[in-house]
Amino acid sequence: MREAEVPSAAEQLTTIASGVADIVPAEALQRKLERGVPLTIKLGVDPTAPDLHLGHAVPLRKLRQFQDLGHEVVLIIGDFTALIGDPSGRSTTRPALTPEQVEANATTYIEQAFKILDPAHTVMRRNSEWLAPLGFADILRLTSQFTVARIMERDDFQKRYREGVGISLHELLYPMAQAYDSVAIASDVELGGTDQLFNLLAGRELMEKLGMEPQVCITLPLLEGTDGVQKMSKSYGNYIGLTDAADEMFGKAMSIPDVLMVKYYRLCAALKVTEVDRVEAGLLDGSLHPNAVKRRLAREIVSLYHSEEAAAQAEEAFDRVFKRHEVPDDIPEVVVEPSDPAHLPAVLKAAGLAPTTSEARRLIEGGAVRIDGEPVVLDAGVFDVPWSMLAGRVLQVGKRRFVRIRA
RNA sequence: GGGGGUGUGCCCGAGUGGCUAAAGGGGACGGGCUGUAAACCCGUUGGCUACGCCUACGAUGGUUCGAAUCCAUCCGCCCCCA
């Protein structure tokens, strides 16, 4: 009875191809799908960054699509390769992690990954299972499958070599190690970011040399962060975290540039491809208002990581603050040592609304501070305010920072 | 091993003795407009209960009434030759 629900290879291909950067080679994937047997889909993750965001979620979502089409996922925790450090996109040798760090990161990774993946169709493996037991002879046999010229084709290696930046010998082995993962689990398909293409192809090549059916490589585009320019990353501060609170997540999603909306729909939401196509067309011909489209996107994302109710609440809270310019309903309360008159910059600092009193002064002078929604206007050089103006009231800085003052 | 260059605020980058808390740009923040998008306009961008004081131009120590600017030593980074 399940067979009746299984979409045709062509239909599956439409879903799989949505939003991806490349499928190498696409015909091979089609052939694999046509067999009608569940495929083994591989994703290797480096347990380097503990907190996942929507950028990390992109390949995970694609895996989930595969699962929903009836395929099996093997998630490989690169606990052994983490000791090498993936040189991809790096201009210097990556610092190796300690086994403890790797373990801790792996645990949080798995926890967050299962917000997306279907546990019933996911197998978790660690690549130390098969990489650690390899002897020197095994390594020689594996390395003999690759030529230096082939490995040095990688543009990040080339760049580093040309620029005289050191490349440790063990780094050259990274692609081979990852390739061997594919051999170990006999993957049909491996996913990765566009920067992973070389490593993915190494897997394909090694499998072929060892007489196996080679995997198909699917690359996914890098996701730009909320600033719309840099790729999403914690260090750029432009990320939407998988564990962000619903309100936060909604607000961040609303702040992405319009041009990125369709990409987010494709890569970060769980809608059917036909529905995403419809939204894209609607935006193009003007029948859908961008704001409405973005709201829906924000709701979809929050629903995925929290719930539909949470999404509805987040939208309501968003409207309250940003559309109707009202005070949100749950404002953190801060206890401030009363003084009369009160030195407003000191209060702002104490309340966590400004990092320094100097900054607080600037904000006051710039008209950024409100009490119970009313802008605070003081004479130049005056920063003292009667305590009665503050006690029990809502102190606001800018559009989104609120605090209720408690004596 | 030899020769040369360079180190400024979150980032890039001017500045070669006082007019420099340090031009200009980017970013960020705030205000306006708006759909918390983009674009655009304006303001702010070291600290301090503050018409003043303190700390800042890789580090330390000097010269000077006065130094980011001159000198010495040290540290970091980069380039060329071997």
Side-chain angles (χ1 to χ4, degrees), chain A residues 91-92 160 162-166 224-230 233-240 244-265 268 279 282-283 286-299 301-302 314-328 336-371 373-387 390 395-402:
Chain A
S91 51
T92 56
R160 280 165 63 178
R162 217 185 312 122
E163 291 173 358
V165 181
E224 291 86 350
T226 51
D227 60 358
V229 182
Q230 305 270 41
S233 141
K234 198 174 183 183
S235 51
Y236 294 137
N238 62 358
Y239 68 101
I240 303 179
D244 280 353
D247 288 359
E248 184 83 358
M249 206 177 244
F250 192 94
K252 284 182 179 177
M254 285 303 287
S255 76
I256 67 164
D258 286 7
V259 289
L260 241 47
M261 286 198 290
V262 172
K263 189 167 182 181
Y264 270 61
Y265 262 92
C268 304
V279 169
L283 279 171
S287 62
L288 292 175
H289 191 281
N291 187 249
V293 171
K294 199 178 282 180
R295 278 168 176 276
R296 181 175 173 199
L297 173 67
R299 275 199 310 273
I301 291 172
V302 175
E315 182 168 20
E316 166 55 25
F318 177 86
D319 281 347
R320 194 186 168 100
V321 176
F322 296 110
K323 207 172 166 189
R324 303 199 294 273
H325 301 291
E326 293 168 4
V327 166
V336 174
E337 193 66 30
S339 60
D340 207 357
H343 188 62
L344 194 50
V347 174
L348 287 168
K349 187 184 171 188
L353 293 171
T356 62
T357 57
S358 299
E359 174 70 9
R361 280 172 179 247
R362 279 181 228 120
L363 289 167
I364 295 164
E365 284 169 341
V369 178
R370 293 164 189 262
I371 295 173
E374 290 304 311
V376 172
V377 183
L378 299 173
D379 292 332
V382 176
F383 294 98
D384 284 343
V385 128
W387 178 248
L390 295 172
L395 198 54
Q396 174 184 357
V397 169
K399 291 193 179 90
R400 42 178 306 170
R401 280 174 279 169
F402 298 90

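Letters A, B, ... mirror the listed sequences (proteins, then strands); counts begin at 1.
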Inset, instruction - Before accepting this row, confirm whether a basic side-chain N of the pair A:E359/A:R362 lies closer than 4.0 Å to the acidic partner's carboxylate O. - result: yes

Inset, instruction - Using the C1' atom on both, measure B:C74 against B:G7 and round to a whole Å. - result: 14 Å

Inset, instruction - Please state the C1' separation for the pair B:C53 and B:U34 - nearest whole angstrom. - result: 44 Å

Legend entry - Residue mapping more 5' on RNA chain B - nearest nucleotide basis, A:A342 or A:G367: A:G367

Legend entry - Identified pairing partner of B:G1, criterion: Watson-Crick or G-U wobble below 3.5 Å: B:C81

Legend entry - Distance in Å, A:Q396 CD paired with A:F402 CZ, rounded so as to fall on 0.5 Å steps: 3.5 Å

Inset, instruction - Give the rounded distance in Å between these two atoms: NE2 of A:H325 and C1' of B:C33. - result: 11 Å

Inset, instruction - Searching all strands shown, indicate the nucleotide that pairs with B:G27 (Watson-Crick or G-U wobble; both distances under 3.5 Å). - result: B:U45

Legend entry - Whole-Å gap separating P (B:G27) and CG (A:D227): 10 Å

Inset, instruction - Scan every strand shown for a Watson-Crick or G-U wobble partner of B:A59, both distances under 3.5 Å, and answer none if you come up empty. - result: B:U73

Inset, instruction - Return the minimal non-hydrogen interatomic distance between A:G228 and A:P257, and the atom names on each side. - result: CA-CG, 3.6 Å

Legend entry - Length of the CG-C1' vector between A:N238 and B:G26, whole Å: 16 Å

Legend entry - Assigned partner base of B:G9, Watson-Crick or wobble definition, under 3.5 Å: none

Inset, instruction - Select base, sugar-phosphate, or nothing to describe what A:P257 touches, counting heavy atoms under 4.0 Å on all strands. - result: sugar-phosphate

Legend entry - Heavy-atom donor-acceptor pair, A:R320 side chain to A:V327 backbone, under 3.5 Å: yes

Between the protein and nucleotides 53-56 of chain B, are there any N/O to N/O pairs under 3.5 Å, and if so, what are the atom names and distances?
none

Legend entry - Rounded distance (Å) that lies between atom C1' of B:A50 and atom CG of A:L378: 15 Å

Inset, instruction - Would you classify A:L260 as touching base, sugar-phosphate or nothing, given that sugar-phosphate means primed atoms plus P, OP1 and OP2, and contacts are heavy atoms under 4.0 Å? - result: nothing

Inset, instruction - Measure the distance from NE2 on A:H289 to P on B:U34 and round it to the nearest whole Å. - result: 13 Å

Legend entry - Non-hydrogen atoms of A:R400 and A:F322 that approach each other most closely: CB-CZ, 3.9 Å

Inset, instruction - Give one of base, sugar-phosphate or nothing for A:K323, where a contact means two heavy atoms less than 4.0 Å apart. - result: nothing

Legend entry - Non-hydrogen atoms of A:D247 and A:A317 that approach each other most closely: OD2-CB, 4.0 Å

Inset, instruction - Could you work out the separation of B:A39 and B:G18 based on their C1' atoms and round it to a whole Å? - result: 44 Å

Legend entry - Gap in Å between the two P atoms, one belonging to B:C40 and one to B:C57, rounded: 36 Å

Legend entry - Whole-Å gap separating P (B:G35) and CG (A:D319): 12 Å

Legend entry - Between CG on residue A:L260 and SG on residue A:C268, distance to nearest 0.5 Å: 9.0 Å

Inset, instruction - Look at A:E316 together with A:R324 and state whether they make a salt bridge at an N to O cut-off of under 4.0 Å. - result: yes

Protein-nucleic acid N or O pairs under 3.5 Å, nucleotides 43-47 of chain B:
unit_1: B:G47; atom_1: OP1; unit_2: A:T356; atom_2: OG1; d: 3.1
unit_1: B:G47; atom_1: OP2; unit_2: A:R362; atom_2: NH2; d: 2.3

Legend entry - Short side-chain to backbone donor-acceptor contact, A:Y265 and A:V293, under 3.5 Å: yes

Inset, instruction - Taking atom C1' in both B:C77 and B:G43, compute the distance separating them and give it to the nearest angstrom. - result: 37 Å

Legend entry - Nearest listed nucleotide, side chain of A:R361, among B:A37, B:G32, B:A50: B:A50

Inset, instruction - Would you name the heavy atoms of A:S233 and A:Y239 that are closest together and state the gap between them? - result: O-CD2, 3.9 Å

Inset, instruction - Between B:G76 and B:U8, how far apart are the C1' atoms? Round to whole Å, please. - result: 15 Å

Legend entry - Residue mapping more 5' on RNA chain B - nearest nucleotide basis, A:M254 or A:L363: A:L363

Inset, instruction - Kindly say whether A:W387 contributes a backbone atom to a donor-acceptor pair with the side chain of A:D340 at under 3.5 angstrom? - result: yes

Legend entry - Rounded C1' spacing from B:G46 to B:C10 in Å: 12 Å

Legend entry - Sugar-phosphate, base or nothing in reach of A:R295, heavy atoms under 4.0 Å: nothing

Inset, instruction - Compare the minimum distances between each of B:G35, B:G30, B:G31 and the side chain of A:K399, then state the nucleotide with the smallest one. - result: B:G31

Inset, instruction - Select base, sugar-phosphate, or nothing to describe what A:G251 touches, counting heavy atoms under 4.0 Å on all strands. - result: base

Inset, instruction - Check A:V347, A:L348, A:L363 against A:L353 for a side chain to side chain contact (heavy atoms under 4.5 Å, CB included) and give me the one that passes. - result: A:L348

Inset, instruction - For nucleotides B:U55 and B:A21, find the distance between their C1' atoms and express it as a whole number of Å. - result: 10 Å

Legend entry - Euclidean distance, atom CG of residue A:D258 to atom P of B:U34 [Å, nearest integer]: 16 Å

Inset, instruction - Quick one: look up who B:U16 pairs with, Watson-Crick or G-U, both distances under 3.5 Å, and put none if it's unpaired. - result: none

Inset, instruction - Round to a whole Å and report the spacing from CZ of A:F383 to P of B:C48. - result: 12 Å

